[in-house]
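Encoded as structure tokens, the structure appears first; notes follow it.
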2 protein chains.
Amino acid sequence: MTIADRKAREKEALRMLILNGAKKLFIEKGIEQITIRNIADEIDYSVGTVYVYFKDKNAILHDLHSIGFQELGGYFQELFSIEDPLDRLKKMGITYMKFALENQEMYDLMFNVKAPMESIESSEKEDWNEGTNAFGALKNTVAQCMENGHFSGHSLEPLSFIIWSLVHGMCCLEIRNRTKGVKFDNPDTILYDGYKEFLKILEKL
Amino acid sequence: MTIADRKAREKEALRMLILNGAKKLFIEKGIEQITIRNIADEIDYSVGTVYVYFKDKNAILHDLHSIGFQELGGYFQELFSIEDPLDRLKKMGITYMKFALENQEMYDLMFNVKAPMESIESSEKEDWNEGTNAFGALKNTVAQCMENGHFSGHSLEPLSFIIWSLVHGMCCLEIRNRTKGVKFDNPDTILYDGYKEFLKILEKL
DNA sequence: TCAAAAAAATGAACGTTGTTCAAAAAATAA
DNA sequence: TTATTTTTTGAACAACGTTCATTTTTTTGA
């Protein structure tokens, strides 16, 4: 019994060792440069061992993507103390963008890269719970805003969705190098200026 | 002289043959499945020949991405006849989304995939002219709206940017499988419902 | 304590990939 | 025709994800 317990702990430890090694390489060199051999080298195990613990590369990327959502949850902690839902909503966008820009590779993996979704499809897993929960947090805050009399004439879910889309779209264009190429008047602050414009619109709703 | 001319024409023809072959495979099987050997097989040439005409795979993807922008321009043709700029702006979003959803792989290549941007960086090319021009078309229409008295209190470029971001964000989430996973009330019409919500907001500005 | 059984870790091997480049084939020039 | 230039070729290379028979390590039972 205790041996089985220890074994289970060791398995879990090695599993995390692989994931942490993967994450380190991932952040240092980017998702494109990640290889199973690199990960194995990083943690001084053979490639075969990695495949004992993970079905394939997609499975590793899916678990890293889940870790990303935990980290996003950490960023969101500071929002809980904000009583007024509209204030919280405004701050939520800032926090979301902050996370995206400070953890570009992670954000990309969570919301852009196809691999984690393919891992969900090919397993017996239900839906994309990480995404559903994160969107739920946004939706709750928007719902509270509506209870307070804001956004009258609008529908909860579509409104929440386009708010998500707007912020995601900005992060996405930035991370995938579509803002650096376009000749903006103020290329360095276009995300910030854009979000300010969004806040102005929120005030009118 | 005439021989040199014919040779130049033949070179251009083979170049287009490669690009068209690439595009066919691209649309049929998706960007992930595209390989140089596949392209070469498709057009009955050897891999070596492909590398005579294109520096590397990124160069092929970049040229395909440019073709995508030409095709987007085709979709935008129908907008020119719309006199009222606000009507045109509203329709522009629909047209943009239509293009994105009917040409998902192409849209992905144009606005998400990193390869075409890497090709721009590694060449002596200036900026991302395709993107700058497309954004310019949006900006012009928004500017005309403002001339007609809409969007008072807002700034042209940030406002245009968040409109682009909003629509791009929706397309992006859809194409990268982030809408199918989330438990929406109406999963099948969330993009449509979202855009309707956006139009309601536009009316208030 | 020690042989047998079970579990864990290994790395060579397979089929792909993008890319290169000496050699072969074809077209042009003299 | 023969020499020269241009075009095309495909074998070869290093690196990739993945598999699995073999080896190493750990646990078991007397």
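The chains referred to below are lettered A, B, ... by the order of the sequence lines, with proteins before strands, and numbering in each begins at 1.
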For atom CD of A/E12 and atom P of C/dA8, their distance in whole Å:
14 Å
Would you mind telling me which residue lines up with the more 5' stretch of DNA chain D, A/G48 or A/T35, judged by nearest nucleotide?
A/T35
Nearest-Å distance, CG (B/D56) to C1' (C/dT20)?
13 Å
Ranking A/R37 and A/V52 by the position along DNA chain C of their nearest nucleotide, the one closer to 5' is A/V52
Whole Å only: how far is the OH atom of A/Y53 from the P atom of C/dT10?
10 Å
Quick test of your reading of the model: are B/E121 and B/K114 salt-bridged, counting only N-O distances below 4.0 Å?
no
Is A/K98 paired with A/E78 through a side-chain N to carboxylate O contact shorter than 4.0 Å?
no
Under 4.0 Å: is that the gap between some side-chain N or O of A/T49 and OP1 or OP2 of C/dT10?
yes
Starting at atom OH of B/Y45, determine the distance to atom C1' of D/dT6, rounded to an integer number of angstrom.
13 Å
Pair partner, C/dA13 [Watson-Crick or wobble, under 3.5 Å]
D/dT18
For the pair A/T35 (side chain) and A/N38 (backbone), establish whether a donor and an acceptor sit closer than 3.5 Å, ignoring hydrogens and angles.
yes
OP1 or OP2 of D/dT19 less than 4.0 angstrom from a side-chain nitrogen or oxygen of A/Y51, does that happen here?
no
For the pair made of CD in A/E10 and C1' in C/dA8, what is the distance, rounded to whole Å?
10 Å
Is it the case that the side chain of A/E197 and the backbone of B/S155 share a donor-acceptor pair, with hydrogens and angles ignored and the cut-off at 3.5 Å?
yes
d(CG, B/D44; C1', D/dG10) in whole Å:
15 Å
Atom-to-atom span, CD1 of B/I34 to P of C/dT17 - whole angstrom:
12 Å
Report the distance from atom CG of B/L14 to atom P of C/dA27, rounded to the nearest whole Å.
14 Å
